[in-house]
Enquirer: 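One structure follows; several queries about it will come next.
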Amino acid sequence: MDGTPLDRPARHAAQSGTSVRDHVVRTLVRVDFDERSTSSVDEVERFCAGESA
């Protein structure tokens with residue numbers, strides 16, 4: 001593996017004009033939101049399937 005583990009996040013942070021810390025936090029928040037959103041959709045689908053049965 002070339003470089004340090006922070007090379008890629010540092011490049012992305014520089015492209016967006018933020019610090020590495022802010023970039024990582026925003027990425028984690030986005031991933032958490034995506035997981036919660038998917039979970040909510042699954043829950044609604046299960047609820048609606050139960051309503052029509």
Side-chain angles (χ1 to χ4, degrees):
M1 180 187 288
D2 293 337
T4 68
L6 290 178
D7 284 347
R8 187 169 180 229
R11 280 195 313 271
H12 285 267
Q15 289 173 346
S16 63
T18 64
S19 68
V20 173
R21 178 183 176 271
D22 288 344
H23 172 72
V24 170
V25 168
R26 278 191 288 132
T27 301
L28 291 172
V29 167
R30 185 175 57 241
V31 168
D32 182 55
F33 174 81
D34 291 345
E35 289 175 3
R36 287 184 291 134
S37 176
T38 300
S39 175
S40 295
V41 169
D42 293 344
E43 215 172 296
V44 168
E45 287 175 349
R46 281 193 304 274
F47 176 78
C48 289
E51 289 287 315
S52 63

Enquirer: According to side-chain hydrogen bond (donor to acceptor under 3.5 Å, both in side chains), who are the partners of Arg8, at least two apart in sequence or on a separate chain?
Expert: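 Expected list: none.
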Enquirer: Would you please name every residue forming a side-chain hydrogen bond (donor to acceptor under 3.5 Å, both in side chains) with Asp34, sequence neighbours left out?
Expert: none
Enquirer: Once you round to the nearest 0.5 Å, how far does CG of Asp32 lie from CZ of Arg36?
Expert: 4.5 Å
Enquirer: Quick check: closest heavy atoms across Ser19 and Ala13, and the distance to 0.1 Å?
Expert: O-CB, 3.6 Å
Enquirer: Would a hydrophobic clustering, with Ile, Leu, Val, Met, Phe, Trp and Tyr connected at side-chain separations under 4.5 Å, put Val24 with Leu6?
Expert: yes
Enquirer: Going by the ring pair (Phe, Tyr, Trp, His ring centres under 6.0 Å) test, which pairs reach into residues 15-43, not counting sequence neighbours?
Expert: His12-His23
Enquirer: Any chance you could lay out the side chain to side chain donor-acceptor pair (under 3.5 Å) test for Ser39 and Asp42, step after step, and finish with the verdict?
Expert: CA-CA 5 Å; Ser39 175; Asp42 293 344; 6.0 Å; no
